[in-house]
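Here it is, the structure in full.
Treat the numbers as computed from the prediction; the structure is a model and nothing was measured. Read the numbers this way: they start at 1 and go in the same order the structure lists the ligands and their atoms. What's counted below: heavy atoms across the whole structure, side chains too, no hydrogens, waters or symmetry copies.
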Amino acid sequence: MTVRGIAILGSTGSIGTTALTVLDRHRDRFRVAALTAFSNDALLAAQAARFEPGFVGLVGDAQKCGPGWSAGEGCLIEAATRDDVDIVLNAVVGSAGLGATMAALDSGKRVALANKESLVMAGDLVMEAARLGGGELVPVDSEHSAILQCLAGRPASEVRRLVLTASGGPFRDWDAGRLANATLADALRHPTWRMGRKISVDSATLANKALEVIEAHYLFGVPYDRIEVVVHPQSVVHSFVEFVDGSVLAQMGVPSMELPILYALTHPDRVADSGVPEFDPVALSPLTFEPVRRDAFPCLDLGIQAGRSGRAAPAVFNAANEQAVALFLGGTIRFADIARAVESALAQLGGLPGGTRDDILAADASARRHVQELY
Ligand code: NDP
Ligand code: MG
């Protein structure tokens, strides 16, 4: 069996650390070739000591680098394009991941994509890089992993609908009055998943689900009017595909990112001893589904509308959301202000051109500035 070299970008985060747990279990198949973090030097040093990668990069703080480490923004691209790397797991949070996604695809690597923001910002460019560079884009996001598995290679023309499931987040059943006073601690208390702070807030606003609808549109080539969202609080059904003949396939499992991460590395193969606990439908019962409360969570439709508009609108949505979430995490704005900031940025900047990488980066910067200036 060929042992494949993996670069983990964002190895100190929630997805990065889960990936290293998975890789530790599968040392016969994979070798950790590169690790990068932003500023968590202590955890990065411990990971480097255990996995002995050929490259270690700390993007955000040159002062804290260990011996032989690289520093600075170039780390991500250096790690993603090394000769001894076959697969790049991009688990960086936010638009900082775009350069590495593009560079890895340009150099023909498989990208196991957790960093959905890069695909949302620049969907056409990323998909084109995958086509032209000979690389391959495989989703880590559990919903998209589910859809990939259900599709099993069938074309978009056979798909009647993709249905993404959403847990509904911590505010699923909160009324408008309660939502207006939601605190940061409330927003970070996700009912079914343990995740980084930014995606936890995105799950509370449902901006995450909008990012995922756009992600699904690009990955699977299905138009927006055939992608739907349903709330499923137990997070056991990871998503559905309804085919043109009416047959509906779903992929299920306990809510854990271990399997989607492993599958992104081995797709289309499946490995034994995945470490995933046995599926017990009785213990996981009942499974319930309900419509999204779209009025209570305006970020969902704002994002989907941005996806439909095209040009730089998805990049503006993504960047405005990132900036607003950063302000919310920092205690500057309230929960409901996130959607207001995103709406304002889209109204002002949603029509910007998005045809080139420079267009996208300019729109991203303008959207951040716009939100910053609102507060
Ligand atoms: P975390 O915040 O837990 O981790 C983010 C990682 O990225 C850390 O290693 C961090 O380093 C690094 N990082 C942060 N900023 C930068 C930067 N500017 N440049 C380079 N590296 C940076 O996030 P998650 O692991 O939860 O999420 C990562 C990505 O995966 C996101 O795009 C998210 O949407 C997606 N995702 C996550 C899921 C989950 O279950 N967590 C599920 C599906 C998708 P440091 O620790 O040093 O700050
Ligand atoms: Mg997801």
**Prompt:** Tell me, which protein residue and heavy-atom name are nearest atom 45 (P) of ligand 1, and how many Å apart are they?
**Reply:**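 Ranked first by proximity to atom 45 (P) of ligand 1 is T12 OG1, 3.3 Å.
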**Asked** Charged N to carboxylate O below 4.0 Å: is that the case for D225 and R308?
**Response**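 Looking at R308 together with D225, the answer is no, because their closest N to O distance does not fall below 4.0 Å.
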**Prompt:** Does K116 reach ligand 1, in the sense of a heavy atom lying below 4.0 Å from it?
**Reply:**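 K116: in contact with ligand 1 (<4.0 Å).
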**Request:** Report, in ascending order of atom number, the atoms of ligand 1 lying under 4.0 Å from any heavy atom of N115.
**Result:**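 What qualifies from ligand 1 is 32 (O).
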**Asked** Shortest non-hydrogen contact from P268 to Y263?
**Response**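 Scanning both residues completely, I find the closest heavy atoms to be CA-OH, 4.0 Å.
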**Request:** Return yes or no for this condition: an N or O of S39 is under 3.5 Å from an N or O of ligand 1.
**Result:**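 Checking ligand 1 against S39, an N or O pair does fall under 3.5 Å apart.
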**Asked** What atoms in ligand 1 come closer than 4.0 Å to a heavy atom of D141?
**Response**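 By the 4.0 Å cutoff, the relevant atoms are 43 (C), 44 (C).
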**Prompt:** Taking 4.0 angstrom as the limit, do E343 and R340 come out as a salt bridge?
**Reply:**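 A salt bridge is absent here (no side-chain N lies under 4.0 Å from a carboxylate O).
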**Message:** Only heavy atoms of N40, strictly under 4.0 Å: list the atoms of ligand 1 that pass.
**Reply:**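 Counting from 1, the qualifying ligand atoms are 46 (O), 47 (O).
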**Item:** Proximity of F171 and F335 rings by center, below 6.0 Å
**Value:**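 Distance test on ring centres: under 6.0 Å, yes.
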**Message:** Suppose we measure from atom 29 (C) of ligand 1 to each protein heavy atom; which comes out shortest, and what is that distance?
**Reply:**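 Going by distance alone, atom 29 (C) of ligand 1 is nearest to V92 O, 3.5 Å.
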**Prompt:** Does the separation of the ring centres of F240 and F289 fall below 6.0 angstrom?
**Reply:**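 Under 6.0 Å, so yes.
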**Request:** Return a yes/no value for G10: is any of its N or O atoms, backbone included, closer than 3.5 angstrom to an N or O of ligand 1?
**Result:**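 The answer is yes, given that G10 and ligand 1 share an N or O pair closer than 3.5 Å.
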**Prompt:** Can you tell me if T165 uses its side chain to pair, donor with acceptor, with the backbone of V237 under 3.5 Å?
**Reply:**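 Present.
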**Message:** If we count only N and O atoms by modelled type, under 3.5 Å, do the side chains of S95 and E117 hold a donor and an acceptor together?
**Reply:**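 There is no such pair between these side chains.
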**Prompt:** Less than 3.5 Å between some nitrogen or oxygen of N208 and one of ligand 1, yes or no?
**Reply:**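 No.
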**Request:** Could you grab the angle centred on the Mg ion (ligand 2), going from OE1 in E143 to OD1 in D141, to 10°?
**Result:**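 An angle of 100° at the metal.
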**Message:** Please list the nearest protein heavy atom to atom 28 (C) of ligand 1 with its residue and the distance rounded to 0.1 Å.
**Reply:**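 Answer for atom 28 (C) of ligand 1: A91 O, 3.3 Å.
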**Request:** Note the single closest protein heavy atom to atom 48 (O) of ligand 1, along with its residue, its atom name and the distance in Å.
**Result:**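 Protein heavy atom at minimum distance: F38 CB, 3.6 Å.
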**Prompt:** Which atoms of ligand 1 are found less than 4.0 Å from any heavy atom of A114?
**Reply:**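 Contacts of ligand 1 toward A114, numbered from 1: 30 (O), 32 (O), 35 (C), 36 (N), 44 (C).
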**Ligand-residue contact atoms, ligand 1 with A96, heavy atoms, under 4.0 Å** =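 Near A96, the atoms of ligand 1 are 17 (C), 18 (N), 19 (N).
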**Asked** Relative to ligand 1, is M257 under 4.0 angstrom through side chain, backbone, both or neither, heavy atoms considered?
**Response**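 Answer for M257: side chain.
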**Item:** Min N/O separation W193 to ligand 1 under 3.5 Å
**Value:**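 No, W193 has no N/O under 3.5 Å of an N/O on ligand 1.
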**Asked** Rounded to the nearest 0.5 Å, what separation is found between the CD1 atom of I77 and the OG1 atom of T36?
**Response**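 Taking CD1 in I77 and OG1 in T36, the distance rounds to 11.5 Å.
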**Message:** With a 3.5 Å distance limit and no angle check, can you tell me whether H26 reaches the backbone of R29 through a side-chain donor-acceptor pair?
**Reply:**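 No; zero donor-acceptor contacts below 3.5 Å.
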**Item:** I15 neighbourhood, listing ligand 1 atoms whose heavy-atom distance to it stays under 4.0 Å
**Value:**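 In order of numbering, the contacting atoms are 25 (O), 30 (O), 37 (C), 38 (C), 39 (C), 40 (O), 41 (N), 42 (C).
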**Asked** Can you find a side-chain donor-acceptor pair between S344 and Q348 that sits under 3.5 Å?
**Response**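 Short answer, no.
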**Request:** For K198 and L211, work out which heavy atoms get closest and say how close.
**Result:**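 Looking at all heavy atoms of both residues, the closest pair is NZ-CD1, 4.1 Å.
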**Prompt:** Mind checking whether G196 has an N or O less than 3.5 Å away from an N or O of ligand 1?
**Reply:**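 It does: an N or O of G196 is found under 3.5 Å from an N or O of ligand 1.
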**Asked** Side chains of V241 and V159: does their closest heavy-atom pair fall under 4.5 Å?
**Response**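 When only atoms from C-beta onward are counted, V159 and V241 do touch, with a gap below 4.5 Å.
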**Prompt:** Taking 4.0 angstrom as the limit, do E136 and K109 come out as a salt bridge?
**Reply:**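 No, this pair does not count.
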**Prompt:** Considering distance alone, does some N or O of S14 sit under 3.5 Å from an N or O of ligand 1?
**Reply:**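 N/O-N/O distance under 3.5 Å: yes.
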**Request:** Ignoring angles and geometry beyond distance, decide whether R194 reaches within less than 3.5 Å of ligand 1 through its nitrogen or oxygen atoms.
**Result:**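 No, since none of the N or O atoms of R194 sits under 3.5 Å from an N or O of ligand 1.
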**Message:** Check this for me: does any side-chain nitrogen of one of R334 and D337 sit under 4.0 Å from a carboxylate oxygen of the other?
**Reply:**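 A salt bridge is absent here (no side-chain N lies under 4.0 Å from a carboxylate O).
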**Message:** Among all protein heavy atoms in this structure, tell me which lies nearest to atom 5 (C) of ligand 1, with the distance rounded to 0.1 Å.
**Reply:**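 Going atom by atom, the protein heavy atom closest to atom 5 (C) of ligand 1 ends up being V93 CG1, 3.7 Å.
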**Request:** Heavy-atom contacts with G13 under 4.0 Å: which atoms of ligand 1 show up? List them by number with element.
**Result:**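 Numbered from 1, ligand 1 contributes 1 (P), 3 (O), 4 (O), 8 (C), 9 (O), 25 (O).
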**Asked** Should L76 be counted as touching ligand 1, given the test is an N or O pair under 3.5 Å?
**Response**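 It does not: no N or O of L76 is found under 3.5 Å from an N or O of ligand 1.
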**Message:** Below 3.5 Å, N or O to N or O, backbone or side chain included: is there any such pair between G16 and ligand 1?
**Reply:**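 Such a contact does not occur with ligand 1.
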**Prompt:** Taking just the N, O or S atoms of E212, which one is nearest to the Mg ion (ligand 2)?
**Reply:**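 Among the N, O or S atoms of E212, the one closest to the Mg ion (ligand 2) is OE2.
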**Asked** Which atoms of ligand 1 have any heavy atom of E117 under 4.0 Å away?
**Response**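 Near E117, the atoms of ligand 1 are 31 (C), 32 (O), 34 (O).
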**Shortest heavy-atom approach to atom 36 (N) of ligand 1 - which of L119, L9, I199** =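 The option holding the nearest heavy atom is I199.
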**Asked** Nearest heavy-atom pair of R160 and R226: which atoms, and what distance?
**Response**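 Nearest pair, atom of R160 first, then R226: O-CD, 3.1 Å.
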**Request:** Indicate yes or no: does E258 engage R25 in a salt bridge with an N to O separation below 4.0 Å.
**Result:**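 So E258 pairs with R25 through a salt bridge.
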